[in-house]
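Within every chain, numbering begins at 1; the chains are lettered A, B, ... in the order of the sequence lines, protein sequences first and strands thereafter.
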Protein chains: 2
Amino acid sequence: MRAAILSIGDELLLGEVVDTNASTIAARLYNLGVNLPLQMTVGDNIQDIVEACQLLAGKSDTVIVTGGLGPTVDDVTALAAAKLAGSPLEPNREALAHLKDFAERVAEKLHPANDKQSLMPASAKVIPNLVGTACGFSLVHDGCRFFFLPGVPGEMVSMLDETVLPALASSGRHKILRSKVFKVSGISEAELDAMLQGVTEGFAAASIAFCVNFPEIEVKIRVVADEKLTADKIIAIVGDKTRNILGSRVFAEDGETIDTVVAGLFKKTGATLSLAESCTGGLIAKRITDLSGSSAYFLEGLVTYSNRAKIDLLGVPAQLLEEKGAVSAEVAMAMARGAREKSGSDLALAVTGIAGPEGGSAEKPVGTVFMALAGQEQCRVRLFNFHGDREQVRLVTSFAALNWLRRELLARP
Amino acid sequence: MRAAILSIGDELLLGEVVDTNASTIAARLYNLGVNLPLQMTVGDNIQDIVEACQLLAGKSDTVIVTGGLGPTVDDVTALAAAKLAGSPLEPNREALAHLKDFAERVAEKLHPANDKQSLMPASAKVIPNLVGTACGFSLVHDGCRFFFLPGVPGEMVSMLDETVLPALASSGRHKILRSKVFKVSGISEAELDAMLQGVTEGFAAASIAFCVNFPEIEVKIRVVADEKLTADKIIAIVGDKTRNILGSRVFAEDGETIDTVVAGLFKKTGATLSLAESCTGGLIAKRITDLSGSSAYFLEGLVTYSNRAKIDLLGVPAQLLEEKGAVSAEVAMAMARGAREKSGSDLALAVTGIAGPEGGSAEKPVGTVFMALAGQEQCRVRLFNFHGDREQVRLVTSFAALNWLRRELLARP
């Protein structure tokens, strides 16, 4: 099966909106084993839409179209579809019933303009929308099946998953695809490439790709096979080999993130946490509390940007700040010890560094970060020399903090 | 001038990467007054690339191509361009010199694979790359000018701005475009639409569009004219009218954000700030410290997730927490007063609420947020009832906090 995506919307070609729909659909088609050689974008213009559909029909069996099904006059996709199909636009009974039902459910009056959304080419088949007013529709033109979906991402995805993908899955033979992701950090693509040489040997159906998502790298194993059992078997074998080679460099697999892994370990160990942040300014606390349920282990976070805050809130000796400077191993340790003592947490992590662009020196350039972790028995400190701009230094620092917490919690009984 | 964009890369059609390049280029072409009716994406496949180029050449004067200029074997864009131009691929002297120079500047050895990046169609003209190894090139085919750029966003943008856009600007006549953006919040699109009825009356060249970027709405005025003077005059008149109508709802214009506006006001007034965050968990502190120079006014932030932290760090009376609950007007005020007292800041802002998905009740559902602002003379508190998921509630809460600080600082002498 050869598919194509057609994205419709002036906002896309004016650069006001990034087309995330195309990438969402592409990923799902890939997982279904559908070949996608082409994507196109046109504006809200009937002639351009019709021409694009004709072109894509000549190159594909299936075209997924998004956008331009809204209630306002600038949405002309249904008109273009009617022209393409040579079939008049008429009120669709099923779509009308949906609009009424939707209005009742949300207990709101529909604007008269919404009526337009029940107009479809006479030959079209409705695609139900469970979460919005715009019904989609499908039709066949020139031997190619077109699925027209709204551009609102939440509605589009719901209709794609409920109707379009099941229809595609039940028609024709597909390749079976399996993939597995290992997330690592602190190692280059070239090093990873060298480490994983030969890991797919003997499995022509398997391939490995790397995707850099600073400061993380995703190692993605892909298997394409004719049979489900074969695909499952190969992904299991190559996955295990890869996991063994990468070892403790792997901090998360598949849908996990460093944030969810750390949250899971706190819940599992029952340990509690407090934070003292200087250069990250609350970013680590923000990432910890992004996840619901974090109040069970996260007691408090202190964003001690000024020296006075470090003294008053964490009990860092003024003399230490004077002698060693705020960005120093000694101050990082004093911050961590102070946070642990004041909060009564099991673990306290402290960060002090230079995020830039100002504040760097020859001795302590931008990217210099001291991180300390205080536990019941000891307080350890580490020095990092990160590269990048302010946002990157803060991001990689927060990652390193979470990764240290992960290793610490993993070592607990 | 009619332009088109061609994005090249398997990763785009596998749904692994969202194509932000297309939107970046589209926005810049729009600002230059270039018409962009079409964008296409194909994979790293010579035949597909050649066919797409031929198709686009028939529909456009200018095609901007991105992706597939890297050093590895899967990058085949230069090969496809050579096939398109019917011109052999050969080492380009200028590109070779660039590679050598780049290697010297970054003091790194280039991998032999990088040599491939100096191969270009014999008829091509080099587009210099100041920030990476991949030179781009331009060539004319079928009366259409093609610009080939790398897919790495930073390199692509630099070459676009340095070479491609100046070349386009100096060729042919363009419409003059001007735009102006007002950012507002706390008002619906429909209300905005009604308020701004008639604001472009008498100016056929002007139009208004709305773009929702939760929790903000951008009101964008666009003017298209033949003459620069006319465009500047119309944008000034319609802009002033719009600003007068929207009044204090406007929190930022054009490139400004609520974050930069608040930072500017702190610098201007010389006021200092401390924060006490519960449900936002450090997000407000993170946004404040995202901006370099924030240490001049931001003294400290306390993420008091637990009751004990509220008592110990902020001096909130245990009895108050017991009687009123952690999410209450009284506790929000006690938190703000405590933060101000402990830090010695001019202003202290405190937030306590229910971000969800757990923790809501009939009386205090998810989205209930109390926010207090303590100054020298008074402490005020506000109740918000936000809607949305955890991420949205936290985001809109942080926005509301920054907006309150903005209004407070604006009222200062």
Side-chain angles (χ1 to χ4, degrees), chain A residues 11-20 22-30 36-43 45 48 55 211 275 277 280-286 288-290 292-295 298-306 308-309 312-313 342-344 355-358 390-391 394, chain B residues 11-20 22-30 36-43 45 48 55 211 275 277 280-286 288-290 292-295 298-306 308-309 312-313 342-344 355-358 390-391 394:
Chain A
E11 70 281 10
L12 300 171
L13 292 177
L14 296 175
E16 294 177 346
V17 171
V18 173
D19 187 5
T20 56
S23 141
T24 305
I25 299 170
R28 281 168 158 81
L29 290 177
Y30 169 74
L36 176 75
L38 187 57
Q39 182 272 338
M40 282 180 84
T41 307
V42 295
N45 175 299
D48 287 352
L55 174 82
C211 182
L275 295 169
E277 301 183 60
T280 45
L283 175 56
I284 305 173
K286 185 249 173 212
I288 294 274
T289 61
D290 273 342
S292 169
S294 46
S295 56
F298 180 57
L299 303 186
E300 63 193 51
L302 302 160
V303 183
T304 51
Y305 231 52
S306 66
R308 173 164 168 192
D312 288 356
L313 292 172
K342 302 255 169 176
S343 70
E358 290 107 36
R390 182 176 181 88
E391 193 184 339
R394 282 160 55 101
Chain B
E11 69 282 9
L12 299 170
L13 291 176
L14 297 175
E16 294 177 346
V17 171
V18 172
D19 187 5
T20 55
S23 142
T24 305
I25 299 169
R28 280 168 157 81
L29 290 177
Y30 169 74
L36 176 74
L38 187 58
Q39 181 273 337
M40 282 180 83
T41 308
V42 295
N45 175 298
D48 288 352
L55 175 83
C211 182
L275 294 169
E277 300 183 61
T280 44
L283 174 57
I284 305 173
K286 184 247 172 212
I288 294 274
T289 61
D290 273 341
S292 169
S294 45
S295 55
F298 180 57
L299 303 187
E300 62 193 52
L302 302 160
V303 183
T304 51
Y305 231 51
S306 66
R308 172 164 170 192
D312 289 355
L313 292 172
K342 303 256 168 176
S343 69
E358 290 108 36
R390 182 177 182 88
E391 193 184 338
R394 282 160 55 101

* Specify the closest pair of heavy atoms between B:E358 and A:S292, including all atoms of both residues, with the distance to one decimal. => OE1-OG, 2.8 Å
* **Beyond-backbone contact of A:T289 with B:R394, side-chain heavy atoms, under 4.5 angstrom** => yes
* Asked: Does the side chain of A:E300 come under 3.5 Å of the side chain of B:S306 through a donor N or O and an acceptor N or O?
  -> no
* Let me know if B:L12 has heavy atoms under 4.5 Å from chain A in its side chain, its backbone, both or neither. => backbone
* Test item: A:L275 and B:V303 side chains (from C-beta on) under 4.5 Å apart, heavy atoms -> no
* Contact origin within B:Y305 toward chain A - heavy atom pairs under 4.5 Å -> both
* Do A:K286 and B:I284 have side-chain heavy atoms sitting under 4.5 Å apart? -> no
* Can you sort out the partners of A:E391 under side chain to side chain donor-acceptor pair (under 3.5 Å), two or more places apart, ordered by chain and number? => none
* Asked: In Å, rounded to the nearest 0.5 Å, how long is the span from CG of B:L283 to CG of A:L283?
  -> 9.5 Å
* Asked: Are the side chain of B:R308 and the backbone N or O of A:L299 linked by a donor-acceptor pair below 3.5 Å?
  -> no
* Structure fact -> Interatomic distance, CG@A:D19 vs OG1@B:T41, rounded to 0.5 Å, equals 8.0 Å
* Asked: Relative to chain B, which of A:S295, A:G43, A:A285, A:G15 shows the most heavy atom pairs under 4.5 Å?
  -> A:G15
* Set of residues satisfying salt bridge (charged side-chain N to carboxylate O under 4.0 Å, His left out) with respect to A:D48, sequence neighbours excluded -> none
* Asked: Which of the residues A:G301, A:P357, A:G282, A:A309 is involved in the greatest number of heavy-atom pairs with chain B at under 4.5 angstrom?
  -> A:G301
* To do: Salt-bridge test for B:R390 and A:D290: reply yes if a basic N is under 4.0 Å from a carboxylate O, no otherwise.
  => no
* Asked: So what's closer than 4.5 Å to chain B heavy atoms on A:S294: side chain, backbone, both or neither?
  -> both
* To do: Name the member of B:L14, B:N45, B:I25 that forms the most heavy-atom pairs with chain A at distances under 4.5 Å.
  => B:L14
* When heavy-atom pairs shorter than 4.5 Å are enumerated against chain B, which of A:A355, A:A22, A:P37 gives the highest number? -> A:P37
* Asked: Which bit of A:L313 is near chain B, if near means a heavy-atom gap under 4.5 Å: side chain, backbone, both or neither?
  -> side chain
* To do: Measure distances from B:L55 to the heavy atoms of chain A and classify the residue's part below 4.5 Å as side chain, backbone, both or neither.
  => side chain
* **Side chain / backbone / both / neither for B:S343 at chain A, heavy atoms under 4.5 Å** => backbone
* Structure fact -> Counting heavy-atom pairs under 4.5 angstrom with chain B, the leader among A:G356, A:G281, A:A27 is A:G281
* Using non-hydrogen atoms and a 4.5 Å limit, figure out which bit of B:I288 sits close to chain A: side chain, backbone, both or neither. => neither
* **Separation between CG of B:L13 and CG of A:L29, rounded to the nearest 0.5 Å** => 10.0 Å
* Roughly how far, to the nearest 0.5 Å, is CE of A:M40 from CE of B:M40? -> 5.0 Å
